[in-house]
Structures are given as C-alpha cells and as structure tokens.
Q: 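Okay, handing you the structure first.
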Amino acid sequence: MSRIRTSSGELLIELQRSGGAPLHQQLESGIRDRIREGRLRPGAVMPSTRSFAEDLGLSRGVVVEAYQQLVAEGYLVSRAGGYTEVAEVAAIESPGVTMLTGVESRIDFRYSRPDVSQFPRAAWLRSIRRVLNETPYRSLAYLDGRGTIELRTALADYLNRVRGTAARPEHMVICNGFAQGSRLLLQVLAAQGYRCIAVEDPSDNDLRRVAAAAGLTTVGVPVLEGGVDVEALERSEADVVLVTAAHQFPTGVVTSAETRAALVAWAARRGGLVIEDDYDAEFRYDREPIGAMQGLMPDRVAYAGTASKTLAPGLRLGWMILPPRLVEPMAQAKLMDDRGSPVLDQLAFADFVARGEFDRHLRRMRPRYRLLRDTLVERLAARLPELVPTGVSAGLHVMALLPDGLTESAVQAAALERGLGVYGLAPYWVTPPGPAGLVFGYGGLTVNTVIEGVDLLAEAVAVARE
Ligand SMILES: Cc1ncc(COP(=O)(O)O)c(C=O)c1O
C-alpha cells in the first residue's frame, strides 16, 4: 500500500525563535497537540526529518530529537521503511473533552501514574485464555451485585495473607475502582442516615465533591505525625471517617498502632464507620508491613482496595470488604449503578491472583519503584536540599514543603516553561491555606527522567525565587 506523507505545510507549526522554549520542545508540543486534537490521525505518515527541517529552517537534528521524544512517549512510531507515522494508540482528544491524564509536559511528576509499560501482558493473556476456555456459559449471565465469587475468593485469600484483613468473600463487593466503590458507599451511608464525613486534612479532593453530591457534609481533621488527630475527630460532628492509614495521601504519614486503635474505638463508640482507603500499601520499601485496620474491627471498618496502583488504573478494578450490614445495600447500589463490573475482567483477575501472578508482579515492581524513589530522594538532596521529601517509605509518591519565599504557582509556572509538570499541595487542603508544597509522583517515570526532572526543577526554583 502506498503511503501519502503529511506535508510540513499541513501541520502549520509556528515556532518562537527567540526567548521561547528550546526549538525541539516547541516542535514536540506542536505535533503532540495536533495528534491529541485529532488533526493528525493514527497512521498518518510524518514529513521526513530532512524536508521538515528545511521547511521550518531548522537543523535536522532538532526534528530528529522531537520525533525521538514523541516515539518514546508513544505518539509516533518509527517504521522499518525509514518513515515515522502517528501511532495507532496515540491519545486523541476530541474537542471539548478534557483529558484527566493530559500530557502537556515532557517530564511529569503528576501523581497517580504507575508504570503501565510494565503491565504483565503475557501472564494476563494466559489468565484470559484460561478463563475463556474454562468458564461455563452460565457465568456470562447477569451478575451477583457483589461480583464474581471467584474474584472475591481469590482477593479475600490474598488480602488476609498479605494485608492482615479478616475478609470473607460473602462480605466483599467488586467495583470499578475506588472511585465507584467510595461513591456508592457514601450514597448508601447517606441513605442510612449518616450525615457528616471526616477526611484527612490534607487529602484527595475528589472525595469531598463525591460526599457533597451524596448529601454529606465534610469536615477536615488534621494529619499529625501518627495519623489523623483523633481528638479533633471526637470533637467533630462526623459519623464516618475516611483514612489512608497505610500511607497517607498526600503526606505519606503512616498511621501509628495507637491511632489505629483509637480510630476503631471511636467508630465503635459513635456507632460510626471508618473507611480505609488502602490504595498503595503493596509498595513498601523500608519499613515493616503494617496490617490493614479492617482486621482490627471488621464490623466498623469498610476496607477499599484497587488495582490502579498495582496493575493499571485503566483496568478499573476495585474491591471492598464491608461490615455485614452494608453488604446487601452496596450490592444493590452496584447493580443499580451498572449491573456489575465486566465479568471476563473479574475472572481473569481472579485467575491471575489465585495463580500467584499478582504476587510475582508485585515482587518484580517493588525494586523498580524503589530505585525510582531512591533516585528522586538522592537527586533532591543533591540539587534542592531545601526541599525535604517526606512519606518516602512507601507508595508511588513523596511530598516536600516549599521553603519560605516560594509559591507553588511560581514554581509550577517556571517548571512548565521547561517542559516539567510539578503539582502543588493547594488542592488537597480541606481548610486552606495550608503550607505550600509539592507532591511528586514518580511511578510512571524512569531513572533518567527523574534525574532530569529534578534538575529542571532546580532551575525552576531558582527562577521562581528571583
Ligand atoms: C488516595 C487515593 N485513593 C484511591 C485511588 C484509586 O482510585 P481508583 O481505584 O478509582 O483508580 C487513588 C488514585 O490515584 C488515590 O489517590
């Protein structure tokens, strides 16, 4: 099949020759934008580097560098015939749709990105094959609102062994990630008469919007050295509290044994509920594993887990272990919402977990993430010693407060000019303004991009200070 090359004229990329970002970066972002907007379609053949360089009055090396970067990001592919084309999988952004996972920066410390390039395709494929060969037809009918028994059983075994939970498959509900599980749970709780949810201050801001939509009021409780301030919780109106006990988001604080005990005791006294968001506990680097709170008092803790950090957020697989009284209402809410999560995905995941592939995958990923964490911490110490990272012992992110005289917005703007995405703490404070700081997600980066990212940040901080 003959291929028609896109001409450089069709791309209409304007470059700012003086005072702008480096030319290869301008070219990259011009091409990236055209792909994301759908103006350059998957399969379109890019102009040759020579003709593109000539038309734009650039050296060929600049175009080669831009193409190489976009190949690395997955927007372009180099083909054997010596040409480059737009990748089939390139993310196309339809007009008016905001992509949550936008790729504006060349190096991006955006939180919540595991390394999806390490997704265990071969093992997952084996599980899918097995499931398709062996699953009886009746399993393809409408689902139990709790999800498939195979997945609930495999996860209960795994969580009881690894996270110290006291899970029984009949008390579990499979959902499309924490996002759906938490939304349904807050709706169920509101319908049962719960009125006010306490959240950690700082914490993920999405949940506050979800709580408001469910008709719950929200109160922020400060995060202290050992976890949330239980005395402040006692004084509040809250009858539910949501905690990220294993590795607080975003501070990284690990909830102490004392605070855990105090939290479940609070829930028992108040007739309330602790929601335990165990989103990244599988990645621990320098400290002893700490069991989930759910195991302490299964009747007062709703435990939520997700495959978003361990495997891939696009799977949309999550699970809850619920106090028995909440199981039926949650199963009903799940059925009302979407009639259940896709059955083949559930069965493949069940097979993957039951065969030990999940453990194997985690064993493979831990040293990779640890290396990234070490690189980030060491580079920050070398280049930006005034930014002291905290919460480094686990997870896929660290946090660092900014020294006096620096604002998040100034650092972010200076970083963005250098093609670097960094993210401030501001959205996470329940009672703003809290101290300024940055949250560094490193899960989706490489050792080289972490190093380069910190170096760019050092430049940005110097400029932001001027
Ligand atoms: C605090 C926290 N909890 C849970 C999740 C996982 O959410 P989901 O399972 O909906 O992908 C995230 C994702 O980034 C998170 O930041």
Side-chain angles (χ1 to χ4, degrees), residues 99-102 108-116 119 147 151 155 159 163 172-187 197-211 213 218 220-221 223 227-228 241-255 274-283 292-294 301-321 330 334 337-338 341-342 345-346 349 358 369 391 394-399 421 423-425 427-430 438-445:
M99 294 230 318
L100 286 171
T101 50
D108 201 334
F109 280 111
R110 186 187 297 269
Y111 166 68
S112 87
R113 290 181 176 178
D115 187 352
V116 286
F119 185 78
L151 182 53
L155 283 172
L159 294 167
R163 298 295 301 123
M172 296 187 70
V173 171
I174 304 301
C175 44
N176 297 348
F178 177 74
Q180 186 190 38
S182 55
R183 176 170 57 78
L184 297 181
L185 182 58
L186 295 189
Q187 287 169 4
I197 180 165
V199 295
E200 298 159 322
D201 192 4
S203 60
D204 182 24
N205 44 348
D206 286 348
L207 192 101
R208 282 170 249 156
R209 286 194 281 271
V210 172
T218 302
V221 181
V223 177
V228 283
V241 62
L242 187 136
V243 288
T244 42
H247 186 234
Q248 204 271 331
F249 183 80
T251 63
V253 161
V254 179
T255 300
V274 177
I275 304 175
E276 180 175 24
D277 175 7
D278 206 36
Y279 66 109
D280 72 358
E282 272 88 355
F283 298 118
M293 288 173 61
Q294 191 271 350
V301 181
Y303 172 98
T306 174
S308 291
K309 301 284 177 278
T310 47
L311 277 168
L315 284 179
R316 305 314 304 139
L317 278 167
W319 45 92
M320 298 199 107
I321 311 169
M330 274 295 283
K334 172 69 181 163
D337 211 43
D338 60 10
S341 298
D345 293 351
Q346 290 190 51
F349 188 35
F358 195 42
Y369 287 139
L396 301 178
H397 74 276
V398 304
M399 184 192 98
Y423 300 89
L425 267 184
Y428 302 130
W429 293 109
V430 185
L438 298 176
V439 178
F440 297 86
Y442 54 81
L445 296 180

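No hydrogens, no waters, no symmetry mates; every other heavy atom, side chains included, goes into these values. For ligands, and for the atoms within them, numbers begin at 1 and follow the listed sequence.
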Q: Check each of I275, V243, V274 against V301 using the side chain to side chain contact (heavy atoms under 4.5 Å, CB included) test, and report the only one that passes.
A: V274
Q: Can you measure from CG (D337) to CZ (R183) and round to the nearest 0.5 angstrom?
A: 4.0 Å
Q: What residue among V253, T255, D201 forms side chain to side chain contact (heavy atoms under 4.5 Å, CB included) with V223?
A: V253
Q: Between the side chain of E276 and the main-chain N/O of M293, is any donor-acceptor distance below 3.5 Å?
A: yes
Q: Report yes if some N/O of F178 lies less than 3.5 Å from some N/O of ligand 1; otherwise report no.
A: yes
Q: Any donor and acceptor pair, going by atom type alone, linking the side chain of Q248 with main-chain N or O of P202 inside 3.5 Å?
A: yes
Q: So which heavy atom in the protein is nearest atom 14 (O) of ligand 1, and how far is it from that ligand atom?
A: K309 NZ, 2.8 Å
Q: Is there at least one pair of N or O atoms, one from A179 and one from ligand 1, spaced under 3.5 Å apart?
A: yes
Q: My understanding is that only one of S308, P342, C175, S341 makes a side chain to side chain contact (heavy atoms under 4.5 Å, CB included) with R316; could you say which?
A: S308
Q: Any heavy atom of R316 sitting closer than 4.0 Å to ligand 1?
A: yes
Q: Write out the residue and atom name of the closest protein heavy atom to atom 5 (C) of ligand 1, then the distance separating them to 0.1 Å.
A: Y279 CB, 4.0 Å
Q: Can you name the atoms of ligand 1, numbered from 1 with element, that are less than 4.0 Å from a heavy atom of D277?
A: 1 (C), 2 (C), 3 (N), 4 (C)
Q: Out of all atoms in ligand 1, which are within 4.0 Å of some heavy atom of T306? Include the element for each.
A: 6 (C), 8 (P), 9 (O)
Q: State the atoms of ligand 1, each with its element, that fall below the 4.0 Å cut-off from a heavy-atom position in G177.
A: 9 (O), 10 (O)
Q: Check whether any N or O atom of Y111, backbone or side chain, sits under 3.5 Å from an N or O atom of ligand 1, and answer yes or no.
A: yes
Q: Quick check: N176 and ligand 1, any N/O pair under 3.5 Å apart?
A: no
Q: Does F283 have its ring centroid less than 6.0 Å away from the ring centroid of H247?
A: no
Q: Got the closest protein heavy atom to atom 11 (O) of ligand 1, with its distance?
A: S308 OG, 2.6 Å
Q: For ligand 1, which is the ligand I care about here, please tell me if D204 has any N or O atom under 3.5 Å from one of the ligand's N or O atoms.
A: no
Q: Looking at the rings of Y369 and Y442, which for Trp means the six-membered one, are their centres under 6.0 Å apart?
A: no
